[in-house]
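Notes follow the structure.
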Amino acid sequence: MYKRLNNEQCYRKFYFQDSFYAQCMDVNPMTLIQFDNAVAQVKKIIDQPIFRSARHVIATGCGDSNLAAFAVKEAFEHYLPEVEYEGVEAVELSRHYDFGEDASDTIALYISYSGEVLRTSEAMEQCKRHGVTNVAVTTHPNSRNAREADILYFTDTPAGDNNAGLRTYFANVQSVIILCAAMAELRTDKSLLPALREQVKAYHDAFFSELEQIDEFCFRSAIHWMDKKYLEICADGPMFWAGKFIQAKVIELSGDACSVIDSENYMHVNSLMYPGADIGEIVIINSNDQNVSRIAESVNAMVSKGGREVVLFSDKAPEELGITEAVRYCHIAMPPKEWNFLAPLYAFLPGAIFAGFRHTTIGEPMFRGGMDPTIFIPAYFPPVDVVEK
């Protein structure tokens with residue numbers, strides 16, 4: 001760990017930016033490029049009869065890809081309420097899942113950037129035996145999953161640095177939402193994708209208009225928390241999966257012990273973790289969600305009873321949420337309530353930026369130094385700008 005300077009203001013952010021930081025910044029220019037690429041690709045496959053007739057959709061993957069499967073649940077509830085949707089871990093789907101007698105009306109989405117994960121391939125074999133239509137969701141059309149699937153959904157993600165999987169997580173979440181909207185278009189004969197693009201752009205513009213402030217806040221919080229021994233993330237509902245993704249980045253980048261908990265289980269279990277002064281608590285609240293009063297109560301308890309310092313990312317100020325204790329607050333935009341299913345597109349990003357600064361400010365190399373440095377882009381500019389076309 002670096003020796004702490006006496007004055008936190010002496011630290012200069014420039015010296016703590018790396019290739020992961022570039023990935024975080026890349027989500028801004030990448031958003032509409034990825035949207036349009038995915039729409040063009042989904043139009044090539046959407047006429048397959050199963051997309052009109054399916055009554056059940058299973059999404060699966062491993063690691064970050066599995067988190068993407070859970071993050072898009074609200075999109076299916078919004079566009080396809082008549083379809084049963086579930087995110088399932090690949091090991092569950094391959095070894096323990098009960099398919100029933102006839103699964104011919106089921107689609108399984110295999111989300112994988114590389115398309116080479118063996119457990120995902122094993123799940124695909126199991127589903128095929130039960131009559132499920134397998135759809136590979138990948139940006140590698142020659143991969144194992146792509147070859148073995150019944151249908152390939154090529155996400156056509158722009159080339160760039162992906163050493164800790166941030167860009168591709170975003171691309172997968174957005175691409176599956178687009179597939180969901182395209183299925184709804186097919187079933188309703190309504191034009192839905194143009195309105196979705198408009199709302200994604202509006203959310204994008206609102207969120208990234210504050211990126212400079214978010215970036216500075218995350219850097220200053222990482223400096224302030226350099227001496228913290230443990231990290232925890234608390235979030236409810238769809239935001240829980242943003243928390244799980246942030247946890248993955250913390251562990252991969254800095255190796256910190258980092259837990260993720262919802263507000264109810266925090267009050268029942270994790271509130272007993274002590275000493276609280278050693279724990280940095282990150283809380284994500286979307287004011288459109290249904291559990292704001294309970295998570296606000298939990299935040300108050302974290303500070304007053306647990307002695308923890310809290311970093312809060314939310315679209316509303318603490319006092320508007322019912323938080324009366326002192327916290328470090330950063331405003332982040334959320335989509336309008338009727339488009340709340342889009343929140344997972346960016347809700348993970350502030351915590352991921354923090355995770356990036358966490359590992360550089362304590363001097364811990366990402367993946368414990370186990371990544372091949374030759375794959376890193378030797379600049380902090382966005383990968384979309386520096387990768388050869």
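- Aromatic ring pairs are classed by plane angle as parallel below 30°, tilted from 30° to 60° and perpendicular above 60°; the pair Trp339 and Phe341 is tilted.
- Screening Thr106, Thr133, Leu93 against Cys127 for a side chain to side chain contact (heavy atoms under 4.5 Å, CB included) leaves a single residue, Leu93.
- Across all their heavy atoms, Cys62 and Thr120 have their closest contact at SG-OG1, 3.9 Å.
- Remark: Asp215 engages Lys13 in a salt bridge, criterion side-chain N to carboxylate O under 4.0 Å.
- Rounded to the nearest 0.5 Å, atoms OG1 (Thr139) and CG (Asp156) are 6.0 Å apart.
- Arg294 has a carboxylate O that lies under 4.0 Å from a charged side-chain N of Glu264, or vice versa, which qualifies the two as a salt bridge.
- Ile285 and Phe354 fall into different hydrophobic clusters, where Ile, Leu, Val, Met, Phe, Trp and Tyr are joined by side-chain heavy atoms under 4.5 Å apart, directly or via other members.
- Of all heavy-atom pairs between Val283 and Ile295, the closest is CG1-CD1, 4.0 Å.
- The one candidate from Phe20, Tyr21, Tyr11 that meets the ring-ring contact (aromatic ring centres under 6.0 Å, His included) condition with Phe357 is Tyr21.
- Closest approach of Arg167 and Pro158 over heavy atoms only: NH2-O, 3.0 Å.
- Residues Glu74 and His78 bring no donor and acceptor atom of their side chains to less than 3.5 Å of each other.
- Ion pairing between a basic and an acidic side chain is recognised when a charged N comes within 4.0 Å of a carboxylate O; Arg187 and Glu82 show such pairing.
- The distance from the CZ atom of Phe170 to the CG atom of Asp64 is 14.5 Å, given to the nearest 0.5 Å.
- One finds the CE atom of Met183 at 8.0 Å from the CD1 atom of Ile50 (value rounded to the nearest 0.5 Å).
- For the pairing with Phe219, the ring-ring contact (aromatic ring centres under 6.0 Å, His included) check across Trp225, Tyr15, Phe16 returns one residue only, Phe16.
- Counting all heavy atoms, side chain and backbone alike, Ala296 lies closest to Leu321 at CB-O, 3.2 Å.
- For the residue pair Asn270 / Asn265, no side-chain donor-acceptor distance below 3.5 Å is found, with atom types taken as modelled.
- With salt bridges taken as basic N to acidic carboxylate O contacts below 4.0 Å, one links Asp36 and Arg197.
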Review point. Could you go step by step and tell me if Phe99 and Tyr97 meet the ring-ring contact (aromatic ring centres under 6.0 Å, His included) rule?
Key: CA-CA 6 Å; Phe99 287 91; Tyr97 191 84; 4.9 Å; yes
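- Of the possible donor and acceptor atoms, one in the side chain of His359 sits under 3.5 Å from a partner among the backbone N and O of Glu364.
- Under a cut-off of 6.0 angstrom, the local environment of NZ in Lys128 is crowded, with over 12 non-hydrogen atoms contributed by other residues, nucleotides or ligands.
- With hydrogens and angles ignored, the 3.5 Å screen pairs no side-chain donor or acceptor of Glu84 with any backbone N or O of His56.
- One side chain, Glu8 or His224, offers a donor N or O that lies under 3.5 Å from an acceptor on the other.
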Exercise for review: Verify side-chain hydrogen bond (donor to acceptor under 3.5 Å, both in side chains) between Asn291 and Ser263, making sure each step is shown before the conclusion.
Suggested key: CA-CA 9 Å; Asn291 203 36; Ser263 62; 3.2 Å; yes
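- The residues Glu122 and Arg95 are annotated as salt-bridged, a charged nitrogen and a carboxylate oxygen being separated by less than 4.0 angstrom.
- What you find for Lys190 and Glu185 is that their closest heavy atoms are O-CG, 3.0 Å.
- The shortest distance between side-chain heavy atoms of Thr138 and Phe154 does not fall below 4.5 Å.
- Within the 3.5 Å criterion, the main-chain N or O of Asp150 finds no donor-acceptor partner in the side chain of Asn134.
- Taking CE of Met226 as the reference point, atom NZ of Lys228 lies at 13.5 Å (rounded to 0.5 Å).
- Looking at Glu89 and Arg119, no side-chain N of the basic residue comes within less than 4.0 Å of a carboxylate O on the acidic one, giving no salt bridge.
- Thr155 and Gln41 share no donor-acceptor pair across their side chains, judged by distance under 3.5 Å alone.
- Note that CD1 of Ile261 and OH of Tyr266 are 10.0 Å apart. Values are rounded to the nearest 0.5 Å.
- Without hydrogens or angle criteria, Asp256 side chain to Cys258 main chain gives no donor-acceptor distance under 3.5 Å.
- Side chains of Gln34 and Ser175: a donor on one and an acceptor on the other come within 3.5 Å.
- Relative orientation of the Tyr203 and Phe207 rings is perpendicular, given thresholds of 30° and 60° on the angle between their planes.
- Atom-to-atom distance recorded for Asp236:CG and Ile284:CD1 is 10.5 Å, nearest 0.5 angstrom.
- Note: Phe217 and Tyr329 fail the aromatic proximity criterion, with ring centroids not under 6.0 Å apart.
- Of all the heavy atoms in Val27 and Tyr346, the pair that sits closest is CG1-CE2, 3.8 Å.
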